[in-house]
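Just so we're clear, the structure is a prediction, and the values are computed from it rather than from any experiment.
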Amino acid sequence: MLTVLIVDDDESVRTQAMQYLAGPDIRLASAADGRLALEQAELLKPDIVICDVDMPEINGFDVLAQLKASPALASTQVMMLTSQSSRRSMRLGMSLGADDYLTKPFTEAELRDALDGLIKRRGRIEVLRGSPESSHEDSLRHWFAAGVAGGVTTRVSAGTTLPSAVEHRIERCMVIAACIHSFTAVAQRLPQQDLGRLLTEYSQRLGGAVIGAGGQRVRFMGDRLVAVFGGDQAPESSHAQAVLSAALAGIGAADAVVRWSAAEFPDAGLPAWHIGFGVAYGEVQLTAGSGLAGGTVDEAHLLALAAAERGWHVLATDAVIARLPVAARLGRTTALERSGGQVALAATEVTGLDDDRGRQTLFETTVRVGAGNAAGAEATLPEGAPSPELEALRESARSSSEMAARAFKDALGDKLSQLRRADALSSTEPLRLAGYEVVRRLGAGGMSSIFLARSEADSSLVVLKVIALDPSARDMTARFVREFALLTRIQHPHIVRLFGQGFTDDTAYIAMEYFENGDLRARMKGPLPVPAALKVAVQVAQALREIHAMGIVHRDLKPENLMVRANGDVVLADFGIAKVTGAAAQGHEQLTVMGDVMGSPSYMSPEQCAATDITAQSDQYSLGVVLYELLTGERPFQSESFVELLGMHMRRQPPPLTGEAAVLQPVVARLMAKKPADRFESMDAVLAALDALEVRG
């Protein structure tokens with residue numbers, strides 16, 4: 001029996017919906033306002049809530065937020081029912097956790113189809129929850145949560161054992177492990193599908209190198225790989241050589257993955273990342289399937305993590321090196337701290353072996369040893385039909401990678417949702433995200449929440465901006481991703497500095513420079529003296545010259561997007577609707593089409609108002625409007641009507657400047673020329689004109 005609660009302050013809507021959905025398999029209930037809805041939900045524990053948005057006292061968004069915040073009701077599916085058909089309303093509902101959206105008036109078929117969709121989705125979720133794969137995915141999600149927060153974690157604890165009920169045997173084996181340093185920074189900047197592709201590439205290449213050297217029981221767990229070599233019946237020396245050869249071959253495979261990711265996702269702004277390998281020897285618990293557990297497995301993981309964090313390649317325990325039948329090239333040594341107060345784990349960097357492995361079963365593994373440097377190993381697939389073993393590896397890699405990508409994005413989404421909630425800062429535990437500790441909320445709007453945070457690395461202050469994305473609006477997510485990629489390419493004193501970014505399908509965050517003086521709008525208390533206005537214009541023009549040289553048009557220049565540093569300098573920020581033009585646009589997906597009106601109405605150029613071609617001259621016009629406002633304390637055109645305001649920009653001349661500000665009239669008039677061709681040919685020319693005025697002043 002499915003329980004459905006219908007919430008609407010319009011009795012006719014409630015009655016109509018209940019008539020449409022009446023049936024023997026559905027228990028229906030209704031509530032006339034948000035307060036009653038929450039009371040009913042606590043009593044009935046409905047499977048689905050169909051809730052209106054516009055209600056007195058407690059509106060639908062508040063009902064949705066409280067349902068999702070309740071542990072007992074968090075799994076309740078919510079369909080927002082509203083007459084608000086705007087995308088903004090839909091985005092807000094989705095950002096708070098709504099499962100679907102239906103606009104009034106609706107037909108019986110529309111309501112039933114929407115409900116059927118929720119029921120089918122609910123059924124899939126219940127099936128997944130009960131599966132072994134779901135349990136593993138939950139573990140991955142909890143594991144990734146620590147990385148999303150930015151905490152230091154070894155991800156494994158020494159002495160892990162299997163439950164006694166699990167059938168297993170204990171053998172002495174060589175264990176190899178691999179992990180990615182900065183995985184969180186990489187993963188949060190890729191959509192789930194692309195993250196799955198990256199992990200698949202990583203798993204297949206590294207897994208192939210390990211299998212090619214004789215590895216067995218290759219397992220993938222998120223960004224980790226683990227496998228064993230040998231056992232009680234195998235000679236220790238040959239497998240010590242094989243496992244280190246596999247690790248050295250893995251270096252080349254890892255480098256290939258890094259190069260592949262840079263070529264495959266050029267606009268993602270991926271940070272530098274590194275893969276480390278750990279090799280240990282000792283007792284391993286082997287299950288009847290392909291499971292591995294025990295202290296030796298933990299040691300290998302600990303070594304891999306340490307190697308990745310240090311920028312080294314391979315770390316091995318003394319027990320492995322002592323069993324080598326050949327000479328090894330050794331590098332630095334270290335002692336790693338283990339949990340539980342155990343004796344520190346001694347390890348040595350291995351940079352090469354004195355002989356080559358030759359041709360392997362699945363891969364040709366060539367280990368080239370440099371003078372004291374890590375080998376540049378290559379792993380290539382042989383020609384001919386792939387073996388069943390390789391096919392099994394590929395399928396396992398794909399399945400594991402897709403699961404890990406989902407788990408990571410879920411963990412990131414949980415953290416961002418926690419930040420978005422109104423009570424996010426009431427917790428006794430400080431909120432942390434990506435290595436930043438949240439200090440306080442700075443502000444919130446319908447689509448975003450802004451926090452002041454402190455970097456745990458150097459205690460500097462940053463701004464964390466958490467933004468709701470519309471899952472159905474792919475262009476919005478793409479703009480957000482590209483904004484970060486664009487800004488990371490720019491290093492300029494008058495352009496905002498960005499430090500980090502991450503996103504899921506419906507929520508994103510960006511870590512950026514903190515401006516304790518706020519934006520320029522907050523500091524505009526009337527007309528500025530000509531020299532002060534001129535200084536601002538010069539700094540903005542310098543920033544625009546920098547981005548125009550890269551083929552970027554800002555399209556949203558206004559005082560709110562000009563931040564003020566402690567020394568009074570102005571910084572250009574918010575590239576959310578920036579446009580890549582000219583040669584720089586090659587390879588970039590066009591995110592807007594002819595007819596889109598993009599920008600802030602009070603500062604838009606005539607061509608933006610008309611939704612025609614945008615060029616660098618469009619930013620000149622906006623700069624002219626800002627400069628006019630700085631000099632007069634008022635915008636040149638004002639109207640409560642959006643259409644009338646656009647018409648003013650397209651056809652009317654601004655009032656002339658008077659008094660001391662009149663000296664800038666020629667520059668402002670040319671910046672605000674109606675035709676782009678009548679404006680300055682470039683920002684260099686604008687700066688020359690402003691410099692001439694500064695000299696005269």
Side-chain angles (χ1 to χ4, degrees), residues 121 124-125 127-129 131-148 155 178-210 218-226 250 253-254 256-271 273-275 308 381 386 390-416 434 469 471-472 474 477-478 480-482 484-485 501-508 589:
R121 191 185 312 169
R124 288 196 298 270
I125 291 171
V127 169
L128 286 173
R129 279 179 181 159
S131 67
E133 291 81 3
S134 173
S135 177
H136 180 50
E137 191 165 338
D138 286 343
S139 298
L140 281 173
R141 185 162 55 249
H142 290 301
W143 166 25
F144 285 138
V148 166
R155 304 179 183 176
C179 74
I180 301 174
H181 179 53
S182 299
F183 174 71
T184 298
V186 172
Q188 63 188 356
R189 297 181 192 175
L190 290 173
Q192 180 175 310
Q193 182 178 3
D194 289 344
L195 176 57
R197 291 173 56 209
L198 184 148
L199 287 173
T200 298
E201 188 77 10
Y202 163 78
S203 301
Q204 288 182 349
R205 286 184 182 268
L206 267 66
V210 171
V218 179
R219 295 192 67 197
F220 311 110
M221 294 163 286
D223 63 321
R224 295 184 298 171
L225 174 146
V226 64
V257 177
V258 174
R259 292 194 300 271
W260 176 88
S261 66
E264 196 71 13
F265 314 116
D267 294 333
L270 296 182
W273 53 295
H274 182 77
I275 300 172
L381 283 170
L390 181 58
E391 281 299 314
L393 167 69
R394 286 174 169 168
E395 182 57 37
S396 175
R398 278 193 293 269
S399 175
S400 174
S401 299
E402 290 170 0
M403 179 187 298
R406 283 195 306 270
F408 179 85
K409 289 300 181 181
D410 284 347
L412 179 59
D414 290 345
K415 176 62 68 174
L416 295 178
L469 301 175
S472 65
R474 187 173 59 89
T477 303
F480 181 82
V481 174
R482 194 175 71 180
F484 182 84
Q501 178 208 47
F503 61 93
T504 64
D505 287 342
D506 56 10
T507 317
E589 182 182 2

TODO: Quick one: closest heavy-atom pair of Leu199 and Ala404, and the distance?
DONE: CD1-CB, 3.7 Å
Open item on the list: Does any part of the side chain of Leu206, heavy atoms only, come nearer than 4.5 Å to the side chain of Val218, both counted from C-beta?
Closed with: no
- [ ] Work out which heavy atom in Trp260 is nearest to a heavy atom in Leu198; give both atom names and the distance.
- [x] CZ3-CA, 3.7 Å
Task: Minimum-distance pair of heavy atoms, taken over all atoms of Cys179 and Ala308 - done: O-CB, 4.0 Å
- [ ] Please determine which of Leu195, Asp223, Thr504 meets the side chain to side chain contact (heavy atoms under 4.5 Å, CB included) test together with Phe408.
- [x] Leu195
Open item on the list: How close do Gln204 and Arg398 get, counting heavy atoms only, and between which atoms?
Closed with: NE2-NH1, 3.9 Å
- [ ] Can you see which heavy atom on Glu201 is nearest to which on Val257, and at what distance?
- [x] O-CG2, 4.0 Å
Task: Point-to-point distance, once rounded to the nearest 0.5 Å, from OG of Ser401 to OH of Tyr202 - done: 10.0 Å
Task: Phe220 backbone acceptor or donor facing Ser400 side chain under 3.5 Å - done: yes
Task: Ser203: partners by side-chain hydrogen bond (donor to acceptor under 3.5 Å, both in side chains), with sequence neighbours left out - done: none
Open item on the list: Let's go through Arg219 and Arg224 carefully: what are the C-alpha distance in whole Å and the side-chain angles of both, what is the deciding distance for side chain to side chain contact (heavy atoms under 4.5 Å, CB included) to 0.1 Å, and is it a yes or a no?
Closed with: CA-CA 8 Å; Arg219 295 192 67 197; Arg224 295 184 298 171; over 6 Å; no
Open item on the list: The criterion is side-chain hydrogen bond (donor to acceptor under 3.5 Å, both in side chains); which residues satisfy it with Gln192, sequence neighbours excluded?
Closed with: none
Open item on the list: As a quick check of understanding, evaluate side chain to side chain contact (heavy atoms under 4.5 Å, CB included) for Leu416 and Phe503, giving each step before the final call.
Closed with: CA-CA 9 Å; Leu416 295 178; Phe503 61 93; over 6 Å; no
Task: Euclidean distance, Ile275 CD1 relative to Leu225 CG, rounded to 0.5 Å - done: 10.0 Å
TODO: With rounding to the nearest 0.5 Å, note down the distance linking NZ in Lys409 to CG in Leu190.
DONE: 6.5 Å
TODO: For His181, enumerate each residue passing the ring-ring contact (aromatic ring centres under 6.0 Å, His included) test, keeping only those at least two apart in sequence or located in another chain.
DONE: none
Open item on the list: Quick check: do Val186 and Phe265 have side-chain heavy atoms less than 4.5 Å from each other?
Closed with: no
